[in-house]
Protein chains: 2
Amino acid sequence: MSFDPVSRFRRFSRAVTSEVGALDTSFLGRGRPLGAARVLNAIGHGRSDVAEIRDYLALDSGLMSRLLRGLEEEDLIATAPHPGDARRRVARLTPAGQQEFQAYEDLSNARAEALLARHPKPEALLAAMDLVASALGRDRLALREMDPRGPEARHCLSEYYAELARRFERGFDVSLSRDPEASDMIRPRGVFLVGLSDGMPLGCVGLKGSGGEVAEIKRLWVSPAARGLGLARQLMEAAEQAARALSIQVLRLDTNSALPEALQLYRRSGWTEIERFNDDPYPDLFFEKRL
Amino acid sequence: MSFDPVSRFRRFSRAVTSEVGALDTSFLGRGRPLGAARVLNAIGHGRSDVAEIRDYLALDSGLMSRLLRGLEEEDLIATAPHPGDARRRVARLTPAGQQEFQAYEDLSNARAEALLARHPKPEALLAAMDLVASALGRDRLALREMDPRGPEARHCLSEYYAELARRFERGFDVSLSRDPEASDMIRPRGVFLVGLSDGMPLGCVGLKGSGGEVAEIKRLWVSPAARGLGLARQLMEAAEQAARALSIQVLRLDTNSALPEALQLYRRSGWTEIERFNDDPYPDLFFEKRL
DNA sequence: AAATTTATCTGACTTAAGTCAGATAAAATG
DNA sequence: CATTTTATCTGACTTAAGTCAGATAAATTT
């Protein structure tokens, strides 16, 4: 019926290989071997721990050591013993290194912008890229507790509201809903968890507590790019675990029948339907789970 | 509103870089440097001309020469002077080389299959990959005249019919439509053009002639992955050029108001609406263009 | 406190990759 | 037919990348 999946995949591989190769060669334009450029970029992106960088770039310890020394001689980085463990070393950029790192960033950004600019539907291209990146980087998905007012959380929440607005027949207006206080989703009352893949937020869940034995699950959302990968289940499990750690004994949530994937998840993971427990105009289904 | 486009693009780059790197290292498992493996693969994929391979892989002529000699010593390839131009050389796989090439193919295919298998929606992932590959490989898009009965053409046509079935309220049944004879779309009566990006058919158009001065444009289709890139216009221009070369003076086509993108293209490129000229049940709009 | 493990460094390699200036021979051009 | 251009090859390099066996010093374990 359609062209063979494996050849479609491999056509994709060829296309990105040449793109990746082109970026690599553009990096060589700054008169530094690729290995050194990669280490500099890893440090610039916030990886300070030498062992972590070595692991991330899959370098031999000897090679890593020499690359670091080379960057030090160029006065682009400075290394120091790890404050807590003097066997380890940490690296950071010097002002000159910061500048050089920025030059590499500019190269990457310019490539990205050029490619996006020449595409007729950048948003569709980006959505496709998100999906592919999530599929390839599935194992790099990590859950992190974050401030619900931070940029990652705000991104998730605004996508969540936009999705509700699309899904609900009557639309969705946050101001009519019972928007939880951020402080109710921060320890010690609750938590806010974000699923991150390589820095990009792909899903979230909030645990809204009041200090008592009952807490509510709020704002469960998974990006379209990551659906089907089991992120929602992971988020819910992590939220339950956090609830137990906060000595919460009963979890509740409200939801809407226009969100069948979520309903299925709740029913399959031990939640039972209960009577309406609030007067929020949007939900029409209510669940409870005893921990 | 959403996470910055450039960082989404760059997250994608990081994800595919590590995937590409992993494939490269898996290639090293066969005890041959990557450069030699790449040359062997290029030959296996049908690139016989040495200059073409050198250009494709961006290799220095000296390096290329040594890699070829190495593969010859391993008895994986045989080279010979180009039959038409004795300065050039052509390379082909020996039976041993064929076998070795197949081993590399198996590695690539296994990776592709594994990745697709573990994804919950392989068709969505593939569609995203097609879109990205088309965006990145835009400049590699080439039009080729092909047999309308060949596999590429058949792929395009079946996608075309499937799309009509989705778009038309009453569906679409090829057998009710006036399906052109393949021989009417082959020289000297007509042509069939396919837009290929790195081997994958992304669009097509047929010129159906009868040997006379009037011919019809049929089966204009562009894959969703390639829409907006101007492929339809390219195909139509190439079809008109082919028509002129066949001394055709008037082009006609029938279409349907459920296909607004096509209508817009026709109106913008010099076609004028005319009276119905056939009794096919599907079209409701008819156009003509004098060359 | 001694033994072991861990993180990094050093030196002495090997191999791959890439560069460059001719050499050679077969077209193509004037 | 002489000259120029083109495609490939050869040899003599340089540089980058990767490997491996210790050395060193700071945790960690016993």
Side-chain angles (χ1 to χ4, degrees), chain A residues 17 20-43 47-74 77-92, chain B residues 17-18 20-43 47-74 76-92:
Chain A
T17 301
V20 164
L23 186 60
D24 280 358
T25 31
S26 87
F27 270 21
L28 291 174
R30 299 200 61 77
R32 193 169 292 108
L34 200 54
R38 276 202 243 269
V39 171
L40 183 70
N41 277 294
I43 298 170
R47 292 179 203 265
S48 56
D49 201 290
V50 168
E52 189 200 339
I53 298 169
R54 209 176 52 211
D55 192 54
Y56 174 66
L57 299 175
L59 294 172
D60 173 86
S61 71
L63 184 48
M64 178 71 194
S65 183
R66 263 180 290 273
L67 290 174
L68 283 175
R69 193 150 28 87
L71 290 170
E72 267 184 325
E73 270 163 28
E74 279 193 87
I77 64 166
T79 64
H82 188 287
D85 180 344
R87 289 170 306 180
R88 300 180 153 218
R89 305 220 99 205
V90 288
R92 56 171 187 76
Chain B
T17 301
S18 71
V20 165
L23 187 59
D24 280 358
T25 30
S26 87
F27 271 20
L28 290 173
R30 299 200 62 77
R32 193 169 294 107
L34 200 54
R38 276 203 242 266
V39 171
L40 183 71
N41 278 293
I43 298 170
R47 292 177 202 265
S48 56
D49 201 290
V50 168
E52 188 199 340
I53 299 169
R54 210 178 50 210
D55 192 53
Y56 174 66
L57 299 175
L59 294 173
D60 172 87
S61 72
L63 183 48
M64 178 73 193
S65 184
R66 263 180 290 273
L67 290 173
L68 283 175
R69 193 150 28 87
L71 290 169
E72 267 184 324
E73 269 164 29
E74 279 193 87
L76 298 175
I77 64 165
T79 64
H82 187 286
D85 181 343
R87 289 170 305 180
R88 303 180 151 216
R89 307 220 97 203
V90 288
R92 55 173 187 75

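Just so we're on the same page: letters track the sequence lines, and every chain starts at 1. Keep in mind the model is a prediction, meaning the values are calculated, not measured. Scope of the values below: all heavy atoms of this structure, side chains included, with no hydrogens, waters or symmetry mates.
A distance of 4.5 Å separates CE of A:M64 from CD1 of A:I53, quoted to the nearest 0.5 Å. Rounded to the nearest 0.5 angstrom, B:R32 CZ and B:L71 CG are separated by 7.0 Å. Taking OG of A:S61 as the start and CZ of A:R66 as the end, the distance is 9.0 Å to the nearest 0.5 Å. Atom-to-atom distance recorded for A:T79:OG1 and A:R92:CZ is 9.5 Å, nearest 0.5 angstrom.
Counting heavy atoms from C-beta on, the side chains of B:I43 and B:L68 come closer than 4.5 Å. No side-chain heavy atom of A:R88 sits less than 4.5 Å from a side-chain heavy atom of A:P81. Looking only at side-chain heavy atoms (C-beta outward), A:V39 and A:L59 come within less than 4.5 Å of each other.
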Anything under 3.5 Å between a protein N or O and an N or O of nucleotides 24-30 of chain D, put it in a table, one pair a line.
unit_1	atom_1	unit_2	atom_2	d
D:dA27	OP1	A:A86	N	3.0

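Using a 4.0 Å cut-off, no side-chain N or O of B:R88 falls inside it from OP1 or OP2 of C:dA27.
C:dA27 atom P lies 13 Å from atom CZ of B:R89, rounded to whole Å. Rounding to whole angstrom units, CD of residue B:E73 and P of D:dC9 are separated by 13 Å. Atom CZ in A:R69 sits roughly 8 Å away from atom C1' in C:dC9 (whole-Å rounding). For the pair A:L68 CG and C:dA7 P, the interatomic distance rounds to 15 Å; values are reported in whole Å. Between A:R32 atom CZ and D:dT15 atom C1' there is a gap of 16 Å when expressed in whole angstrom units. Distance, A:L28 CG to C:dT19 C1': 14 Å, rounded to whole Å. Whole-Å rounding puts the A:L67 CG to C:dT10 P distance at 13 Å. Atom pair B:F27:CZ and C:dA17:P shows a separation of 14 Å (rounding to whole Å applied).
No side-chain donor-acceptor contact under 3.5 Å links A:D55 to the backbone of A:A51. Remark: side-chain polar atoms of B:E52 are not paired, donor with acceptor, to backbone N or O of B:R47 under 3.5 angstrom.
For DNA chain D, the residues of residues 47-66 of chain A within the heavy-atom distance limit of 4.0 Å (strictly under) are A:D60, A:L63, A:R66, sorted by number.
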